[in-house]
Amino acid sequence: MQKSSIFCKICTAHGGCPKYDVRGVPGNGASYDVQKEAFENGADLLIATTSSDEINILACMVAKKIGTQHTIARIRNPEYEQQLHFMRDELGLSMIVNPEKTTAREMARVLRFPSAIKREQFCRQRFELIEYRITTDNPLVGMPLADLYHNIRVKILHPALAGFYFCSPPHTL
């Protein structure tokens, strides 16, 4: 759904988007009538990304009420941060995205380990695997692994030497 009918015509020109199951309907995405027309055969997902948090929330609530299985809303206002659980549980939003918060979190992650070669996150960002190349002049060389947590807040370390990873790390690097 898009207020601009030009955008909808581009999306649906020449038989629509054959690569994707997408349909363009001009109108206000928070309107029940517009959503009913857009989702006449049902919908699996609605992603609301207008510039208004309130319109995004309302669009997702309407979509949920007419049977859309999953809804995602872009919510940028920090005032709503305390209400995210309520919005998920009581209003039925499947996911809430805050682009500024996501960007800030990623920047902090990069700055926390600026010399990392590779970083992978697991379990909804609760765990992180970080790969470093440690040269002989690195202050970590010779440090007991038990001291790493106190120095750089690392809980688990699996050193790799010449491409081989050790399941049981040696006592020192």
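This one's a predicted model, so the numbers in the text were calculated from it and none came from an experiment. Starting from 1, each residue takes its place in the sequence as its number.
- Within a 6.0 Å radius of CD in Gln82, other residues, nucleotides and ligands contribute 12 heavy atoms or fewer.
- With sequence neighbours excluded, the residues forming a side-chain hydrogen bond (donor to acceptor under 3.5 Å, both in side chains) with Glu106 are Arg109, Arg119, listed by chain and number.
- There is no side-chain donor-acceptor pair under 3.5 Å between Ser31 and Asp33.
- Between Gln83 and His85 there is no side-chain heavy-atom pair separated by less than 4.5 Å.
- The backbone N or O of Ala30 sits nowhere less than 3.5 Å from a side-chain atom of Gln35 that would complete a donor-acceptor pair.
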Handout entry: side chain to side chain contact (heavy atoms under 4.5 Å, CB included) assessment of Arg74 paired with Arg76
Key = CA-CA 6 Å; Arg74 181 177 76 176; Arg76 304 168 82 174; 3.8 Å; yes

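- Rounding to the nearest 0.5 angstrom, the gap separating the OH atom in Tyr32 from the CD1 atom in Ile66 is 7.0 Å.
- If you check the side chains of Tyr80 and Glu54, you find a donor sitting under 3.5 Å from an acceptor.
- Here the straight-line distance linking atom NZ of Lys101 with atom CD1 of Ile96 works out to 9.5 Å at 0.5 Å rounding.
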Exercise for the section: In sequence, state the C-alpha distance, the side-chain angles, and the governing distance for Leu46 and Cys60, and then conclude on side chain to side chain contact (heavy atoms under 4.5 Å, CB included). Expected result: CA-CA 7 Å; Leu46 171 90; Cys60 288; 4.2 Å; yes

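- Although no hydrogens or angles enter the test, the distance criterion places no donor-acceptor pair under 3.5 Å between the side chain of Lys64 and the main chain of Thr71.
- Cluster partners of Ile47 are Leu45, Ile72, Met95, Val97, counting Ile, Leu, Val, Met, Phe, Trp and Tyr whose side-chain heavy atoms approach within less than 4.5 Å, directly or via other members.
- Leu58 and Leu93 fall into different hydrophobic clusters, where Ile, Leu, Val, Met, Phe, Trp and Tyr residues are linked whenever their side-chain heavy atoms come under 4.5 Å apart, directly or through other members.
- In this structure, OG1 in Thr68 is found 13.5 Å from CE in Met61, a value given to the nearest 0.5 Å.
- Sorted pairs that involve residues 82-97 and meet salt bridge (charged side-chain N to carboxylate O under 4.0 Å, His left out), not counting sequence neighbours, are lacking altogether.
- A heavy-atom distance below 4.5 Å is not found between the side chains of Arg105 and Met107.
- Contact annotation: the side chain of Ile75 approaches that of Ile57 to within less than 4.5 Å [non-hydrogen atoms, C-beta and beyond].
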